[in-house]
Amino acid sequence: MFGLPITSPPKNASLVYDQPLYSPPKNVATFSNLYTVQRSFALRKGYRHLLDKKTIVRSCVRMRKQTVDKNSQLYKYRHSLAHVMAQAVISYFKDAKLGDVRLGIGPPIDTGFYYDFVLPRALEAEELKEIEQRMKKIIKEKQVFERFVLPPQEAVKFLEERGENYKLELVQEFIEQGEEISFYTNGPFTDMCEGPHVEKTNDIPFKAFKLDSIAGAYWRGDEKNIMMTRIYGLAFETPEELALFERRRKLALERDHRKLGRELELFTISEEVGKGLPLWLPKGTAIRDSLEALARETEFKYGYDRVATPHITQSKLYHMSGHLPYYKESMYPPMVLDDEEYYLKPMNCPHHHMICKSLIRSYRDLPLRLAEYGQVYRFERSGELAGLLRVRGMYMNDAHLYCDESHVREELKKVMEMHKYYYDLFGLSNYWVRLSVHDQNKDKFVDNFDEWDKSVNMLREVLTELAIDFEEIPGEAAFYGPKIDFQVSNVVGREETASTNQLDFTSGPRFQLEYAGADGQTRYPYIIHRAPLGTHERFISFLIEHYGGAFPTWMAPIQARVIPVAPEFFEYADKIRMRLREEGIRAESDLSSDSFSKKIRNGTIQKIPNLLIVGGNERDKEEVTQRRYGQKEQETQGLEAFVAWIKDEIRLRRNSRPVNPLEA
RNA sequence: GCCAACAUAGCUCAGUCGGUAGAGCAGUUGAUUCGUAAUCAACAGGUCGGCGGUUCGAUUCCGCCUGUUGGCUCCA
């Protein structure tokens with residue numbers, strides 16, 4: 001993908017755990033929230049004029065989270081099912097004499113469809129069964145879908161008569177855009193809609209859909225608007241595909257990092273400490289340490305210098321950085337001491353800038369590359385927290401590269417090369433790159449649009465030159481500059497940013513990071529903010545799911561466990577353990593009173609990459625029998641040969657990870 | 001923060017149509033010494049998330065709070 005001459009990635013990377021639940025097509029932000037996708041959809045379609053948040057969200061006929069071809073049967077099934085469901089919901093409430101239902105939007109999505117309603121009362125999950133029955137009835141009725149177009153004023157009148165005030169809001173905008181207003185009628189139900197639909201309801205596969213869940217959703221994705229009730233449905237072409245999807249979803253849940261984190265004793269979150277503030281258990285900490293060692297080593301090779309900064313900082317720094325106006329709501333409120341306000345730091349950048357300020361004088365001091373794994377705190381809203389994926393305290397693989405304009409491209413390329421190295425190392429291939437740029441919102445982005453354009457161009461050029469596929473999304477930039485984000489999705493298909501890189505033209509002047517250029521003129525550096533490993537919290541949560549908890553030896557909390565076949569061999573087993581620890585290997589010996597096969601079972605359940613079986617045969621010849629995770633074939637070799645092998649495995653960070661036959 | 005659901009032993013889960021609770025695994029103890037995914041037995045373990053209300057009596061019904069989950073919004 002990158003086409004870079006670079007250290008070759010490990011070969012035998014096993015991708016069995018890397019099957020995405022849904023496959024994102026190239027360049028399509030399949031997992032993005034609706035808003036983001038609507039924007040990217042708009043961009044791809046050339047609707048740049050629609051990029052304003054207010055005007056972009058359209059009815060079910062417009063932009064949607066949908067990667068299936070619009071004219072395909074599957075698209076029509078899903079779209080038609082949304083209408084059928086709306087009809088069923090309306091009749092359900094009407095028959096119960098509970099009052100009127102108002103319609104929001106009801107588009108197809110990648111796994112089926114949804115429809116947003118304003119309901120007279122909350123709907124319970126059990127009631128979905130009844131609605132599903134009504135849907136089946138409607139399908140059997142062979143209702144015909146008929147399209148008709150109304151002139152603007154009649155369309156308005158039509159919707160007014162039905163009290164569809166949300167649809168009315170949409171139609172007003174369609175009219176302003178000069179668009180044709182079309183409707184679809186099937187049976188007693190009519191909806192303003194662009195289509196296309198199936199010809200009649202019984203074209204829809206009868207057993208390949210299912211109502212899935214109820215959720216809240218703001219009207220037009222704006223939290224200032226009312227909260228509607230969204231019903232999600234699954235829909236595929238065949239019952240087999242539906243069953244397959246459900247089976248895969250269930251399987252994916254087995255790899256959920258919250259479940260594995262508890263089972264494998266990696267981390268815990270205590271109510272007493274606070275939500276979003278995870279506690280890392282010894283085994284999770286071992287993983288963190290492995291990652292940090294990787295980062296330290298890699299950054300050293302790339303010429304970074306390590307620095308360290310405090311957790312709290314006076315408000316004046318954040319006024320200087322601009323965080324206080326732009327970022328305040330994501331920061332913990334200040335502690336006030338001796339008339340000074342101290343904030344928990346939400347980012348490491350301002351501190352690094354101050355370090356830069358004390359170091360640089362001339363262009364000869366550049367590029368300056370400052371690196372730190374830094375603890376930061378952000379006040380995420382409670383509903384947004386999720387396991388390790390979204391937390392309030394996080395440890396970030398941060399670094400800032402201060403460079404002269406002439407260095408920017410080259411430094412950016414090296415940063416991208418580092419990403420390539422990391423992602424290959426982990427065997428990550430299911431990710432996509434997003435170029436997050438500004439829009440014209442002056443409240444959200446610093447007001448210097450010439451610099452914005454220039455910076456965006458530099459990023460675009462670098463990505464293009466390296467042949468990295470990317471999708472450009474307006475409005476997603478940091479307040480101080482555009483970003484290149486690496487997006488991944490977790491087991492349940494939620495998209496998150498795993499790595500982020502920003503080009504910052506704002507902080508140089510803001511922090512007065514002056515240096516003398518070759519021509520003697522005063523200049524300000526461009527700053528590249530980069531975090532290829534993101535934060536431990538998010539990155540490790542992602543790796544837990546990626547590996548299904550079975551980490552390659554170099555990262556595994558326990559790298560080897562020695563299992564004696566009988567108590568007679570405890571002494572030999574423990575001798576091996578000590579020999580391995582002498583070499584810095586995280587090794588254990590199981591000297592419990594469990595039976596031999598129980599010990600094997602325990603070691604396997606804990607997904608320890610290497611179990612070393614020792615009995616009389618091994619002891620007599622100073623050997624070990626290695627049983628690798630998920631692999632039936634074993635290998636008996638001399639102790640020192642094994643020590644050499646595992647040291648290599650760790651040093652080279654091999655991603656060899658055989659499949660557990662019980663999981664396959 | 002918003003909409004909704006959920007909260008019983010360390011974990012996974014039963015259960016009580018209102019009369020203060022069980023199972024499996026894990027744990028402890030004892031026996032067992034075993035060559036590749038669970039040896040046997042005994043024991044211990046819970047203010048049934050917290051606080052109020054209704055009731056003779058609440059883990060069960062109601063309200064509030066806290067936390068979690070699924071969405072929305074926001075984001076590393």
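Just so it is clear, the values below take in all heavy atoms, side chains as well, and ignore hydrogens, waters and symmetry mates. Letters go in sequence order (proteins before strands), and every chain restarts at 1. Quick caveat: nothing in here was measured; it's all calculated off a predicted structure.
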- Item | B/S/- contact track for nucleotides 2-9 of chain B, protein heavy atom under 4.0 Å | BBS-----
Rounded to the Å, how far apart are [X] [atom1] and [N] [atom2]?
X	N	atom1	atom2	value
A:Leu389	B:U68	CG	P	14 Å
A:His529	B:A76	NE2	C1'	14 Å
A:Asp594	B:U36	CG	P	16 Å
A:Gln626	B:U36	CD	P	18 Å
A:Arg561	B:U36	CZ	P	19 Å
A:Tyr377	B:A76	OH	P	18 Å
A:Leu291	B:A76	CG	C1'	15 Å
A:Leu234	B:G71	CG	C1'	14 Å

- For atom C1', what is the distance between B:C13 and B:A9, given to the nearest Å?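 Taking atom C1' in both B:C13 and B:A9, they lie 11 Å apart.
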- Query: Can you tell me how far C1' in B:G27 sits from the matching atom in B:G15, rounded to whole Å?
  - Reply: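 Rounded to whole Å, the distance is 24 Å.
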Could you check whether [X] gets within reach of a base, just the sugar-phosphate, or nothing at all, counting any heavy atom under 4.0 Å?
X	value
A:Asn617	base
A:Lys483	sugar-phosphate
A:Gly276	nothing
A:Tyr232	sugar-phosphate
A:Gly616	base
A:Gln487	nothing
A:Glu496	base
A:Gln634	base
A:Thr535	base
A:Val376	nothing
A:Gly534	nothing

- Item | Any A:Lys598 side-chain N or O less than 4.0 Å from OP1/OP2 of B:C34 |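 For A:Lys598, the contact criterion (side-chain N or O under 4.0 Å from OP1 or OP2 of B:C34) is not met.
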- Task: Give a yes/no on whether any side-chain N or O of A:Arg258 is located under 4.0 angstrom from OP1 or OP2 of B:U69.
- Result: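 Yes, A:Arg258 has a side-chain N/O under 4.0 Å of OP1/OP2 on B:U69.
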- Message: Just checking A:Phe117 against A:Tyr115, ring centres under 6.0 Å apart?
- Response: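 So the answer is yes for these two rings.
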Taking atom types as they are modelled, would you say the side chain of [X] forms a donor-acceptor pair with the base of [N] within the 3.5 Å cutoff?
X	N	result
A:Arg230	B:C72	no
A:Glu265	B:G10	no
A:Arg262	B:C11	no

- Message: Can you tell me how far apart CD (A:Gln637) and CD (A:Gln626) are? Round to the nearest 0.5 Å.
- Response: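 A:Gln637 atom CD to A:Gln626 atom CD measures 5.5 Å (nearest 0.5 Å).
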- Item | A:Arg258 bridged to A:Glu545 by N-O distance under 4.0 Å |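 No, this pair does not count.
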- Can A:Arg530 and A:Glu299 be counted as an ion pair, charged N to O under 4.0 angstrom?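 Yes, this pair counts.
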- Query: Taking for each residue the nucleotide of RNA chain B with the nearest heavy atom, is it A:Thr625 or A:Gln502 whose nucleotide lies nearer the 5' end?
  - Reply: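 Its nearest nucleotide lies further toward 5', so the answer is A:Thr625.
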- Message: Here's a test of your reading of the structure: between A:Ala478 and A:Ser213, which maps to the more 5' nucleotide of RNA chain B?
- Response: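 Upstream on the strand: A:Ser213.
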- Counting only heavy atoms not in A:Lys210, do more than 12 fall under 6.0 Å of its NZ?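 Open.
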- Message: For A:Glu130, is the CD atom crowded, meaning more than 12 foreign heavy atoms sit under 6.0 Å from it?
- Response: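 Above 12, so yes.
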- Query: A:Ile527 and A:Tyr480: side-chain contact (heavy atoms from CB on, under 4.5 Å), yes or no, with the steps?
  - Reply: CA-CA 10 Å; A:Ile527 303 162; A:Tyr480 46 73; over 6 Å; no
Pair partner, [N] [Watson-Crick or wobble, under 3.5 Å]:
N	value
B:C61	B:G53
B:U39	B:A31
B:A5	B:U68

- Task: Look at the rings of A:Tyr395 and A:Tyr373 and say which category their plane angle falls in: under 30° parallel, 30 to 60° tilted, over 60° perpendicular.
- Result: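 Parallel: the ring planes of A:Tyr395 and A:Tyr373 meet at under 30°.
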- Heavy-atom distance under 4.5 Å between the side chains of A:His353 and A:Asp504, does that happen here?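 SC-SC contact between A:His353 and A:Asp504 confirmed.
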- Face-on cation placement of A:Arg392 at A:Tyr377 ring, 6.0 Å and 45° thresholds: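 Here A:Arg392 fails the 6.0 Å and 45° test against A:Tyr377.
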